[in-house]
Amino acid sequence: MLKFIIKRILVAIPTLLILISISFILVHSAPGSPFTDDRDISPAVMKNIEAKYHLDRPLYVQYVYYLKDVVTWDFGPSFKYKDFSINELVNASFGVSVKIGFWAFVLAMGIGVSCGIVGALNQNTKIDYAVMSFAMVGVAIPNFVLGPILVVLFAIYFKVLPAGGWNGGGIEYVILPVIAMSFRYIASIARIMRASMIEVLNSNFIRTAKAKGMANSYIILHHALRPSILPVVSYMGPAFVGIVTGSVVIETIFGLPGIGQLFVNGALNRDYNMVLTLTIIVGGLMILFNTIVDILYVVIDPKIKY
Amino acid sequence: MKFNKLANAALAAFLLATTAYAGQELVRGNFAEPATLDATLGEGVPGSNIMRDLYETLMSEDGEGNLMPGQAESYTISDDKTVYTFKIRDNANWSNGEPVTAQDFEYSFKRGVDPKTAARYSWYFKILGIKNGADILAGKKPVDSLGVKALDAKTLQITLGQPIPYFLIGISHVTTSPVPQKTIEKYGKKWTNPANIVTNGPYKLSEWVVNEKIVLVKNDNYYAKDSVKIDKVTFVPIPEQSTELNRYKAGEIDYLYELPKNQYKNLVKTVPDEVKVLGRVGTYYYYLNMKKKPFDDVRVRKALSYGVNRKVLAEKVLGTGEIPAYTFVPNIVSGYTAPIPAYQTWTQKEREAKAVKLLTEVGITPSNPLKFELLYNTSEQHKRNALAIASMWKKVFKGAVVVTLKNQEWKTYLEEKKAGNYQVARAGWIGDYNEASTMLDLLTVGHSSNNSFYNNPKYDKLMNEARVTSDDVKRNKLYQEVDLMVAEDMPVIPLFQYSNARLVKPRVGGYPKVNPLGAIYTKHLYIKN
């Protein structure tokens with residue numbers, strides 16, 4: 001096990017390096033610089049701006065500077081938001097994204113898994129159809145539609161929740177974004193869970209358990225749940241990273257100061273440092289969570305060993 | 001006991017609910033996160049909106065954008081109009097209580113013009129015409145040679161290289177605000193942090209959450225604090241217009257940055273009192289790349305221009321107070337009356353007939369069509385405008401003009417346009433100060449936004465002449481002459497003059513009916529009780 005974890009970490013280093021290099025090349029090959037503007041900047045001023053951010057150096061030197069930033073975990077100044085360093089901006093917004101993401105994830109897992117089980121147990125009955133239609137709707141409605149609907153309903157019509165803002169993350173500011181964000185994942189998880197549960201319920205060991213006269217609820221909780229949740233677990237890793245790092249859509253709809261907005265604005269502003277930093281963070285998280293998922297596999301499924 | 005607790009809770013909730021909206025508090029939608037709150041380094045409209053409340057310049061503006069004294073209570077101008085001497089108010093103070101001095105202004109101007117400061121708006125000091133400013137910006141002269149000098153603590157002398165007629169208007173721009181030298185030197189880049197920042201305007205910074213809100217509170221050390229009504233103003237960056245509208249409807253913001261155009265008609269019907277439309281010093285136009293054939297031919301340029309039905313574009317495609325533009329300078333510019341070029345007096349039918357005739361003369365016919373790409377930066381509204389105009393051309397020229405729409409993301413578009421890698425490109429220019437040259441300078445040789453590569457020595461000569469003409473009437477006559485040349489040479493196709501339509505809650509008073517630069521200071525607003 002320990003050997004496995006060490007191996008994963010060792011593999012992660014070149015993976016991240018490749019990721020950094022590719023993003024570095026892509027970001028720098030986008031036309032326009034962070035300082036492209038429709039107002040006239042004198043060449044002497046431009047020279048100083050470029051020198052300030054090392055943009056006057058050859059690309060490979062900039063690349064080395066950048067690697068140094070990564071290693072020291074100090075990502076330098078933002079090219080756009082002059083009053084802040086990248087570290088400050090990311091630190092401030094990361095908590096917001098994690099909070100929203102965490103609750104959305106918990107909600108999606110809780111409701112998704114339950115819906116899946118209910119559907120599987122009542123396969124091809126009205127209950128199954130009802131639950132799965134709900135899941136289909138979830139997959140079909142994009143969050144940029146659901147978000148505004150929630151806002152219109154709860155903030156404008158009933159006036160029970162705020163339409164947006166964060167204000168330090170009070171519960172009333174979290175509810176709508178969490179629902180809007182989790183909806184799609186609830187749907188996917190329910191579908192994966194249902195399919196896998198049905199498969200497990202039809203397998204030989206369950207039939208044996210039934211034959212032994214065990215109670216249905218006991219069979220489901222002690223025998224069926226663990227093997228059938230495996231596909232959900234493998235979906236979970238990337239889904240969690242996706243939820244935490246990136247819902248630009250949810251963030252813009254609800255005016256949340258999270259990572260997603262930084263990412264998109266960073267790309268539009270050619271804020272090189274910002275884009276590269278977030279790429280590394282997302283990449284790193286992705287590797288981390290895939291590793292966690294692999295470890296969870298061992299915990300859940302005794303058949304799997306590393 | 002239990003009842004008491006409940007009653008207390010209810011009372012607290014009630015108080016909370018009422019205090020949230022009671023008093024002189026305003027929440028302004030502000031589109032985007034400002035790039036900085038350092039006035040000298042500032043850029044962009046969202047930042048300017050906030051900094052106009054935080055800082056005060058030598059000259060300021062009233063609610064309608066008319067010039068009025070700011071930090072300077074009076075000034076004298078030398079006979080040759082090149083030396084301005086300002087007397088700074090005795091009671092002009094920084095938010096920490098220290099007096100604002102002439103040295104503060106000297107420091108700030110020099111900081112702005114110093115290439116080492118690397119200020120994005122440093123070009124602004126060039127157009128102000130301060131002595132040696134352009135040379136310092138070009139790195140040819142030392143910063144100390146700038147024509148700004150503190151004669152004593154409250155007397156500031158600014159020397160210009162040549163008379164600049166719009167100089168006083170120019171120094172009401174937020175870029176020319178004083179910034180606190182001691183604070184900057186003490187905290188470096190961190191000086192704009194709410195804990196460190198010192199400003200001299202009606203408000204001071206109280207809270208800053210990136211991408212969520214910026215909160216300002218009244219500055220008790222401001223000399224005119226008694227006339228400032230609003231105690232607390234919050235700026236909320238909301239890039240998405242429909243999101244902003246929802247939050248307005250939910251009662252969370254009082255004042256939109258801009259309303260979604262497709263909602264305008266509906267809003268005018270449902271909340272007519274809350275829809276506020278202001279004309280702007282700004283023109284929406286198309287560049288014609290005169291370095292590329294056949295756009296080097298004035299007949300082609302005129303034909304394309306005549307072929308656009310501006311009334312339909314302004315009223316039907318846009319329809320939120322935009323005005324059809326036949327000349328480059330908006331009529332709303334103070335002291336300026338836009339001239340009426342011949343083609344404006346024709347009917348649209350006449351214009352179209354003339355357009356077809358011109359193209360036929362050049363040999364462009366449905367069997368030998370003119371094919372080109374129309375470049376615009378990615379946006380729904382630019383796309384709608386481009387589609388409308390392309391279909392107008394298609395109809396008028398009956399297939400002799402074939403347009404392909406091409407959109408690019410903003411920075412890519414800017415690069416392509418500057419490099420001349422385009423044929424026809426969308427553009428818009430919002431004036432930096434309320435004077436005709438803020439628009440007309442664009443088409444002079446060497447201007448970074450002369451993307452048509454228009455080169456008419458007479459145009460440049462008249463502009464240079466206007467620059468040194470201090471008589472307002474005479475100068476505006478020259479501008480009119482230049483503006484007519486745009487209609488005659490048609491290096492660009494003026495399409496419409498910008499407007500700004502927003503919703504403002506009825507409880508907000510003091511919102512102006514006119515304000516050409518769209519510079520709305522919170523100090524001029526109040527909450528009706």
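Bear in mind that the values here come from a model prediction, so they are computed numbers and not experimental data. Per chain, numbering begins at 1; letters A, B, ... match sequence-line order.
Residue contact with chain B, scored on non-hydrogen atoms closer than 4.5 Å, involves the backbone and the side chain of A:P162 alike. Looking at B:K190, the atoms closer than 4.5 Å to chain A (heavy atoms on both sides) all sit in the side chain, from C-beta outward. For a residue to count as touching a neighbouring chain, one of its non-hydrogen atoms must lie under 4.5 Å from one of that chain's; by this rule B:P237 does not touch chain A. Within the 4.5 angstrom heavy-atom criterion, only backbone atoms of B:A119 (N, CA, C, O) approach chain A. For A:L268, the parts sitting under 4.5 Å from any heavy atom of chain B are the backbone and the side chain alike. Both the backbone and the side chain of B:T412 come within less than 4.5 Å of a heavy atom of chain A. Within the 4.5 angstrom heavy-atom criterion, no atom of A:E50 approaches chain B. At a 4.5 Å heavy-atom cutoff, A:A92 makes no contact with chain B through either its backbone or its side chain. Heavy atoms closer than 4.5 Å to chain A are found in the side chain of B:W208, but not in its backbone. Neither the backbone nor the side chain of A:S93 comes within less than 4.5 Å of any heavy atom of chain B. Heavy atoms closer than 4.5 Å to chain A are found nowhere in B:I136, neither backbone nor side chain.
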Q: Decide yes or no on side chain to side chain contact (heavy atoms under 4.5 Å, CB included) for A:V249 and B:E240, but give the supporting numbers first.
A: CA-CA 10 Å; A:V249 178; B:E240 198 62 47; over 6 Å; no
Legend entry - Criterion side chain to side chain contact (heavy atoms under 4.5 Å, CB included) on A:N265 and B:N211, from CA distance to verdict: CA-CA 10 Å; A:N265 289 334; B:N211 279 329; 4.3 Å; yes
Worksheet item: What do the steps show when you test A:E88 against B:K189 for salt bridge (charged side-chain N to carboxylate O under 4.0 Å, His left out), and what is the final call?
Response: CA-CA 13 Å; A:E88 286 171 320; B:K189 225 182 75 160; 5.6 Å; no
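Residues of residues 64-84 of chain A lying within less than 4.5 angstrom of chain B, judged on heavy atoms, are A:P77, A:K80, A:Y81, A:K82, A:D83, A:F84 in numerical order. When the heavy atoms of residues 163-172 of chain A are compared with those of chain B, the residues falling under 4.5 Å are A:A163, A:G164, A:G165, A:W166, A:N167, listed by number.
The backbone N or O of B:A118 sits nowhere less than 3.5 Å from a side-chain atom of A:N48 that would complete a donor-acceptor pair.
In terms of the salt bridge (Lys or Arg N to Asp or Glu O under 4.0 Å) criterion, residue partners of B:K141 (sequence neighbours excluded) are, by chain and number, B:D135. With sequence neighbours excluded, the residues satisfying side chain to side chain contact (heavy atoms under 4.5 Å, CB included) with B:K110 are B:E106, B:V143, B:D144, B:L146.
Note that the CH2 atom of B:W410 and the CG atom of A:D37 stand 7.5 Å from one another [nearest 0.5 Å].
Looking only at heavy-atom pairs under 4.5 Å with chain A, the residue among B:K418, B:K249, B:H447, B:E409 that has the most is B:E409.
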